[in-house]
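To start, the structure itself, in structure tokens.
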Protein chains: 2
Amino acid sequence: MSTKGKQNRERIVEAADNLFYHKGFNQTSFSEVADASGIPKGNFYYYFKSKDELLNAVIDSRIELFRNLLSECEANYQQPLERLYRVADILVNEADNVLHHGCPMGTLNAELGKTQEELKAHATQMFDLLVDWCEQQFMALGKGEESRFLAMHQLAMLQGAAMLSHVYNDRTFLEKEVQTVKSWLDSLLQ
Amino acid sequence: MSTKGKQNRERIVEAADNLFYHKGFNQTSFSEVADASGIPKGNFYYYFKSKDELLNAVIDSRIELFRNLLSECEANYQQPLERLYRVADILVNEADNVLHHGCPMGTLNAELGKTQEELKAHATQMFDLLVDWCEQQFMALGKGEESRFLAMHQLAMLQGAAMLSHVYNDRTFLEKEVQTVKSWLDSLLQ
DNA sequence: GTCTATAATTCGATAGAC
DNA sequence: GTCTATCGAATTATAGAC
């Protein structure tokens with residue numbers, strides 16, 4: 001694939017990423033992605049042979065983005081507790097988006113979980129990445145076999161915070177819940 | 001409306017309720033509801049003049065169901081703490097459904113929150129009912145102004161538990177999280 | 001009240017010229 | 001590689017006979 005082709009492909013993925021997040025996967029049409037990316041509709045099938053394949057590319061892109069985010073976090077923060085704080089802070093940093101559209105990981109999984117099991121399995125890899133990474137931090141804190149559950153529990157609390165604050169468009173609640181998660185992390189070390 | 005007409009209307013709502021939960025609102029077509037309810041497709045518009053109106057009827061039906069559930073709970077349990085336990089237990093009682101399709105309140109709000117604000121506002125009334133009721137129980141426990149936040153916090157934890165256990169189809173995690181919520185309720189009274 | 005037939009639109013996907 | 005034109009299927013919704 002040429003440089004131009006790669007640029008076009010990335011532009012499509014970027015436009016689709018935003019639309020799938022804001023409108024949902026099934027409610028986003030190829031025409032809308034075409035308009036948003038500036039690529040004629042008929043030309044899509046040169047880059048992606050189906051809508052499902054486009055979603056898979058979007059998911060891969062989100063996973064790659066998260067991988068870089070976590071690597072950066074590892075470089076900037078040495079303490080496992082600090083690193084777990086940063087995961088909770090993601091919700092506050094992305095508060096505007098979370099309040100309006102919910103968590104991009106959670107809402108996508110919820111949508112695909114209804115009728116598109118295969119696509120959901122891929123979307124779940126976004127959770128895997130985060131759960132595995134948090135589990136490692138809890139392991140480093142000496143939590144042993146309990147680490148997996150603690151990692152899932154932390155993400156569950158954040159998902160619940162994202163859901164309720166999205167339902168009520170309540171920024172204050174989101175911030176209080178994130179603080180609650182941090183207090184819970186503190187309590188684990190005592 | 002005749003008795004027959006009312007029966008037909010209820011059959012449509014019941015079929016739509018299940019399909020909207022299992023497949024999502026936007027991914028469910030009138031044809032599917034027609035097949036499931038045994039009512040010919042063209043006859044739908046005698047009972048509901050649009051798909052949105054059908055969803056509103058489904059939401060009203062769910063709210064009514066929840067109202068009865070909470071009334072029954074009030075009759076059977078006098079202690080506010082016991083009553084709050086029962087709200088958490090809903091997830092365990094409905095574990096099969098939650099694992100396969102997520103929380104019917106949460107997933108519907110997440111879907112409608114993307115592009116159908118008006119419908120979402122109605123769906124949010126399901127949360128209102130539950131939050132208000134839990135708030136009353138916390139008030140009865142003497143939690144005062146904090147009660148509203150505690151009610152939202154409890155529901156956020158349950159939503160997170162539903163989301164993660166749905167993502168991973170993990171019944172054990174769901175049960176552990178519900179137990180965690182109950183332990184949190186206990187800790188509030190000490 | 002009930003049902004058939006179909007309108008009007010939009011969707012994902014394809015064919016084929018350049 | 002790029003783009004236009006369009007297909008076939010599915011969708012919500014309507015018209016009108018009975």
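Numbered from 1 within each chain, the chains take letters A, B, ... in sequence-line order.
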Next item on the list: Classify every nucleotide of nucleotides 3-18 of chain C by which part a protein heavy atom approaches to under 4.0 Å, writing B for the base, S for the sugar-phosphate alone and - for neither, in 5'-to-3' order.
Entry: BB------SSBB----
Check: Between B:Met126, B:Gln125, B:Met105, which is the residue that forms a side chain to side chain contact (heavy atoms under 4.5 Å, CB included) with B:Arg62?
Finding: B:Met126
Next item on the list: Would you verify whether the NZ or CZ of B:Lys143 falls within 45 degrees of the ring axis of B:Phe149 while also being under 6.0 Å from that six-membered ring's centre?
Entry: no
Margin query: Distance check needed: D:dG1 P versus A:Phe44 CZ, whole Å only.
Written below: 16 Å
Check: Under the side-chain hydrogen bond (donor to acceptor under 3.5 Å, both in side chains) rule, what pairs show up with a residue in residues 148-161 of chain B, not counting sequence neighbours?
Finding: A:Glu177-B:His153, B:Asp132-B:Arg148, B:Glu135-B:Arg148
Item checked: Length of the CZ-P vector between B:Arg11 and C:dT2, whole Å -> 10 Å
Next item on the list: Give a yes or no on this: more than 12 heavy atoms of other residues, nucleotides or ligands lie within 6.0 Å of atom CD of B:Gln27.
Entry: yes
Check: With sequence neighbours left out, what residues match B:Phe48 under ring-ring contact (aromatic ring centres under 6.0 Å, His included)?
Finding: none
Checklist line | With sequence neighbours excluded, residues passing side chain to side chain contact (heavy atoms under 4.5 Å, CB included) with B:Gln179 | finding: B:Lys182, B:Ser183
Check: To the nearest Å, how far apart are B:Glu53 CD and D:dT12 C1'?
Finding: 14 Å
Checklist line | Residue of the set B:Lys41, B:Lys51, B:Lys23 for which salt bridge (charged side-chain N to carboxylate O under 4.0 Å, His left out) holds with B:Glu32 | finding: B:Lys23
Notebook entry, point to check: Using the C1' atoms of the five pairs at each end, what is the angle between the end axes of the helix from C:dG1-D:dC18 to C:dC18-D:dG1, to 10°?
Noted result: 10°
Item checked: Under the ring-ring contact (aromatic ring centres under 6.0 Å, His included) test, residues paired with B:Tyr45 that sit two or more places apart -> B:Phe30
Checklist line | Nearest-angstrom distance from the residue atom CG of B:Leu54 to P of D:dA13 | finding: 10 Å
